[in-house]
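Comments concern the structure below.
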Amino acid sequence: MAASLRCFLRSGKNTVSALQRRDFHRSAPAAVQMTVRDALNQAMDEELERDERVFLLGEEVAQYDGAYKVSRGLWKKYGDKRIIDTPISEINVLLQAGLRPICEFMTFNFSMQAIDQIINSAAKTYYMSAGLQSVPIVFRGPNGASAGVAAQHSQCFAAWYGHCPGLKVVSPWNSEDAKGLLKSAIRDENPVVVLENELLYGVPFEMSEEAQSKDFTIPIGKAKIERQGNSITLVAHSRYVGHCLDAAAVLAKEGIECEVINLRTIRPMDVETIETSVMKTNHLVTVEGGWPQFGIGAEICARIMEGPAFNYLDSPVTRVTGVDIPMPYAKILEDHSLPQVKDIIFSVKKTLNI
Amino acid sequence: MYSNDRCTWSFINLLHTCFSQGAAVIMSARTYADFTTQATFEIKKCDVFKLDEGPATQVVLTRDEGLQYYRTMQTMRRMELKADQLYKQKIIRGFCHLYDGQEACAVGIEASINLSDHLITAYRAHGYTYTRGGTVKEIMAELTGRRGGIAKGKGGSMHMYCKHFYGGNGIVGAQVPLGAGVALACKYQGNNELCVCLYGDGAANQGQIFETYNMAALWKLPVIFICENNRYGMGTSVERAAASTDYFKRGEFIPGLRVDGMDVLCVREATRFAADHCRSGKGPILMELQTYRYHGHSMSDPGVSYRTREEIQEVRSKSDPISMLKDRMLSNNMASVEELKEIDVEVRKEIEDAAQFATTDPEPPLEELCNHIFCDMPSLEVRGTNPWAKLKSVS
């Protein structure tokens, strides 16, 4: 009851209908519909409440309620000290000794202004100080392509940040991922990059009873099997998990059962889950929005080759990626620059030699 | 064109109106010869920083100049309003940052530089694309993502380019070091050209701008830094973002001017002063243009959560750049109401035609997808979404 009231107050109309559907007299658990935006909001709210040292800073996060409204209501609740509007100075990443900042980048494209600090000051400090100075900081914001925002606002940074030791990198897909991973990131003693997706902010997903709890976290470094299957393994992160599930639904009608793995964490990557799956299905397709060269798919291919699963492959791994070009603006060109469900279906069939 | 027939007609009309209202007024037929060819105006004095003198406060405006500025500003205004309309109809998508209210800046600057000079700005760039030589048609078709767009549909609102105009840049502040680079090239080539390098009040707090100030001053680069201060960086007012809102002083060792950016004559005169400064080898100079945007930051910002509607209305009624110019010209007999109305009609038609083109021109062909990755590279193979998709770049 308390959980659903909180959801109602925060999530607006989506949960009103859910509330109305609920039968108050039975005690059976009911899942609630929640958007990714609200899940992130709830995660931050709960962590701000739980730990005085946590605070949020970024452009337009306070009085504007967030450029994408992810921090809506937080400034009203926690005030100037905990929710801070900054000027446009990404590089002013705070290494506040003893505090636990959440730094919002309006998009990760702007994080390049601060990338030196993220890598050289945040990621490497614990190592350079031989364990003396930890950096419990979270960098979050939308990553990857949106809709019609053109070349400078559409880049995926999963591979760039995933490359660096000392950084943890997570990439949530649905609302449960968003809430659980962000909470884990905030509680983690290490610098964590949380790659959200703007197109997913407004999408509602089911939140289990467990996920609605204040202590719900998802472990960083563990992938999740979203769908079981025997024919082929599909691995994706963020928005493309949804695309894979859509492709799987279509392929199921033709008797091809895809096992869909939601990576959840880019670094440290859960290679074991992928390997176990490949050893069962013998085929692997990776799907990502980023560019192919030196990307997530490329890393997965290398790791599979280096491990036990290689001998179980009946065909080479196929990578489905964004097209190797800067993002064009015109809709028809943009649509053809990113993996579509039909590209995944095509690649699955080619990999299975069908 | 002012015709004698219309002249006579309006004369008769005027007489009729006068007599019907019982007023005995002697009106004479108005012809070209009756208009003042030029007038002198007193403009606001600029605040100066590290300068012994500032731009002139008595300026001459000719009738031709006035009509040209009026037409250009009106075209920009109507173009932006049309973009607003098309965005709401979802024909324009993605980001769209509108310039209405700030027209005097772009027009005033262009009036005092040459097309052979260089200019670079941030994402609120439609107006500058126009003053630098882009056509309304090309600009609108770029906004709608069509093949007739100024960047062939591949750039969109924030990435428009034309000769000696380097965009259109999406990353806040990143265009400033680029502008200094262009100025360096001008100095290197000794061509007496300069670069106008624009940024906003929000960008003014970016570190890279201060690095650029240092290098430009050290190497005496011919760059005019211009801060278009429209009081808000997205939703953050200048007081909440800057330790010092005297943006014209932030160059510290670079001389500065604070200019009324709503008055096209102020902007023109200040730019003339600044251009002379640069071209005489004195190095960079910084201008702060105090201006205002009527729209929100972008089309996804209503623009009223961080400022009041009263404030917007007040600026519109007291300081609108187009109204200001119009009043000046009419009260000094430099143009007639009908003449200006006719310009309005022509502008409206130009915008309508451009919008028509922008909505009917086809999208770019898929063959264009991979072109223009590299310069001067013969046919390049580009990986598509999967290993079997081998696309072609024919740069």
Side-chain angles (χ1 to χ4, degrees), chain A residues 59-60 62-65 67-68 85-92 106-107 109-110 112-113 146-154 285 287 289 291-293 316-340 342-344 346-348 350-351, chain B residues 92-96 123 142-147 149 151-159 169-174 200 202-208 233-236 240-243 297 300-301 305-306 362-366 368-373 382-389 391 393:
Chain A
E59 291 149 28
E60 309 296 350
Q63 295 185 21
Y64 198 80
D65 270 341
Y68 295 103
D85 270 339
T86 64
I88 308 176
S89 290
E90 287 82 2
I91 202 157
N92 287 317
M106 202 178 284
T107 75
N109 300 284
F110 314 139
M112 287 200 282
Q113 305 281 51
S146 177
V149 295
Q152 290 180 339
H153 287 74
S154 306
V285 172
V287 185
W291 294 314
Q293 213 164 345
V317 179
T318 299
R319 297 178 297 159
V320 177
T321 68
V323 177
D324 201 16
I325 53 172
M327 182 65 70
Y329 168 68
K331 186 166 199 311
I332 192 175
L333 298 182
E334 188 180 48
D335 289 344
H336 283 83
S337 304
L338 294 164
Q340 302 181 25
K342 63 176 164 78
D343 294 317
I344 303 174
F346 173 80
S347 299
V348 165
K350 280 290 246 191
T351 310
Chain B
I92 297 177
R93 51 197 281 273
F95 289 138
C96 192
Y123 46 77
E142 187 59 36
L143 291 175
T144 55
R146 308 301 164 104
R147 62 181 71 185
K152 303 193 177 158
K154 293 166 85 168
S157 166
M158 296 183 292
H159 308 296
N169 290 277
I171 307 299
V172 171
N205 302 312
Q206 271 276 320
Q208 53 191 323
M234 199 163 150
T236 307
R240 292 205 304 128
H297 163 75
S300 55
D301 170 29
S305 63
Y306 47 86
E363 284 191 287
L366 277 179
E368 267 291 314
L369 185 69
C370 298
N371 289 345
H372 308 115
I373 299 173
V382 175
R383 191 203 201 263
T385 56
N386 61 70
W388 299 276
L391 308 176
S393 171

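In what follows, every heavy atom counts, from backbone to side chain, and hydrogens, waters and symmetry copies are set aside. Each chain gets a letter, A, B and so on, in the order its sequence line appears, and its residues count up from 1.
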Go through the atoms of [X] and report whether side chain, backbone, both or neither lie under 4.5 Å from a heavy atom of chain B.
X: A/A67; answer: both
X: A/I344; answer: neither
X: A/H336; answer: both
X: A/Q113; answer: side chain
X: A/M327; answer: backbone
X: A/Q293; answer: neither

Against chain A, label [X] side chain, backbone, both or neither, depending on which of its atoms sit under 4.5 Å from a heavy atom there.
X: B/I373; value: side chain
X: B/V172; value: both
X: B/R147; value: neither
X: B/F95; value: both
X: B/A203; value: backbone
X: B/M234; value: both

Winner by heavy-atom pair count (cut-off under 4.5 Å) against chain B, out of A/V149, A/D65, A/T107, A/V320: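 Max contact count across the listed options: A/V149.
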Top contributor to chain B contacts, counting heavy-atom pairs under 4.5 Å, from A/L333, A/D324, A/N109: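 Most heavy-atom pairs under 4.5 Å with chain B: A/L333.
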On a heavy-atom basis, which atom in [X] and which in [Y] lie closest, and how many Å separate them?
X: A/I332; Y: B/E363; answer: N-OE2, 3.0 Å
X: B/Q206; Y: A/I88; answer: NE2-O, 2.9 Å
X: B/L369; Y: A/P328; answer: CD1-CG, 4.1 Å
X: A/T318; Y: B/P387; answer: CG2-CD, 3.6 Å
X: A/Q152; Y: B/I171; answer: OE1-N, 3.6 Å
X: A/P87; Y: B/N205; answer: CB-ND2, 3.9 Å

Hey, which of [options] has the most heavy atom pairs under 4.5 Å with chain A?
options: B/G235, B/A242, B/A389; answer: B/G235
options: B/N169, B/L143, B/I92; answer: B/L143
options: B/R93, B/R146, B/K154; answer: B/R93
options: B/G155, B/S305, B/C370; answer: B/G155

Nearest-0.5 Å distance, [atom1] of residue [X] to [atom2] of residue [Y]:
X: A/R319; Y: B/T385; atom1: CZ; atom2: OG1; value: 12.0 Å
X: B/E368; Y: A/I325; atom1: CD; atom2: CD1; value: 10.5 Å
X: A/D343; Y: B/W388; atom1: CG; atom2: CH2; value: 11.5 Å
X: B/H297; Y: A/E60; atom1: NE2; atom2: CD; value: 8.0 Å

With A/S146 via side-chain hydrogen bond (donor to acceptor under 3.5 Å, both in side chains) - residues at least two apart: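 Testing A/S146 for side-chain hydrogen bond (donor to acceptor under 3.5 Å, both in side chains), a comparison that skips the adjacent residues, returns A/E198.
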Side-chain touch A/K350/B/N386, heavy atoms, less than 4.5 angstrom: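 Side-chain contact under 4.5 Å: no.
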A/Q63 side chain vs B/T236 backbone, donor-acceptor pair below 3.5 Å: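 No, the answer is negative, given that no donor and acceptor are paired below the 3.5 Å cut-off.
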Check: B/H159 ring centre within less than 6.0 Å of A/Y329 ring centre: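 So the answer is no for these two rings.
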